[in-house]
Amino acid sequence: MAPTKAPDSSRRSDRSRRAILDAALALVTEVGYRRTTIEGIAARAGVGKQTIYRWWPSKAAVLMDAFLDLAGRSAEGVAAESESAGEPGEGEPAPGIPDTGDLVADLKLVLRATVDELNDPVLEAPTRALTAEGIVDAKLGAAFVHKLLDPQLALYVTRLRAAQEAGDVRADVDPRIALELLIGPLMHRWLLRTLPLTHAYADEIVEYAVGGLAPRP
């Protein structure tokens, strides 16, 4: 009699984690953050509550990991598309914000990609839910900033400092403040839905911001 193959517990755990993360995103999209519960996530994922609590201490922790996982998969998809198109070369990922020597072009490229992400139905609902809840839940908001926003903002700081070294941005400009001239208007229009969020709007933001950051005659 052939030996019976033991179940792969690690594969089962991976499937359960994926089901939980997907269920958390689905629920927060359908009913919002506050009405999403551990019980609801467990039921949607087909697991017991104890399984969730074995890996995460709270609903906020589950949703944060779910969102980070979603953002990571989205970034991998963009990287795969770039690699298939032969960018940036030899299959290596682009190191942060591109530095072609043209600050305006580089920033327009990144802000257009940000517009696409914010308008993506898959990303929009959970992003809005976590952003809104982070305003009233200081602990969740701090985790959102630390785990997701800060690493992204650091890429802008690096690119703007390179622009300073190249003489394209004034030496007295604080890159951390300057990047808010780029990100702030996008988030304001997206959060409040004051007007459509478009590539054209992103391009204008870059033109206005870089014009103010450029060295004075």
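For the numbers below, each heavy atom of this structure counts, side chains included, while hydrogens, waters and symmetry mates do not.
- Contact check for Met187 versus Leu118: side-chain heavy atoms found under the 4.5 Å cut-off.
- A donor-acceptor pair under 3.5 Å is formed between the side chain of Gln164 and the backbone N or O of Arg170.
- The shortest side-chain heavy-atom distance between Glu117 and Thr127 does not fall under the 4.5 Å cut-off.
- For the pair Asp106 (side chain) and Thr100 (backbone), a donor-acceptor distance under 3.5 Å is present.
- The main-chain N or O of Thr36 is found under 3.5 Å from a side-chain atom of Lys59 such that the two form a donor-acceptor pair.
- Counting heavy atoms from C-beta outward, Asn119 and Glu124 have side chains that stay 4.5 Å or more apart.
- Both tests do not hold together for Lys147 against Phe67: distance to the six-membered ring centre under 6.0 Å, angle to the ring axis within 45°.
- Salt bridge annotation for Arg18-Asp69: present, with a cationic side-chain nitrogen under 4.0 angstrom from a carboxylate oxygen.
- A 4.5 Å side-chain heavy-atom check between Tyr33 and Leu140 finds at least one atom pair inside the cut-off.
- Side-chain contact check for Pro98 versus Val110: some heavy-atom pair is nearer than 4.5 Å.
- Connection of Val210 to Tyr201 is established within a shared hydrophobic cluster, with ILVMFWY side chains joined at heavy-atom distances below 4.5 Å, either directly or through further cluster members.
- Using modelled atom types, no side-chain atom of Arg35 and backbone atom of Glu30 make a donor-acceptor pair closer than 3.5 Å.
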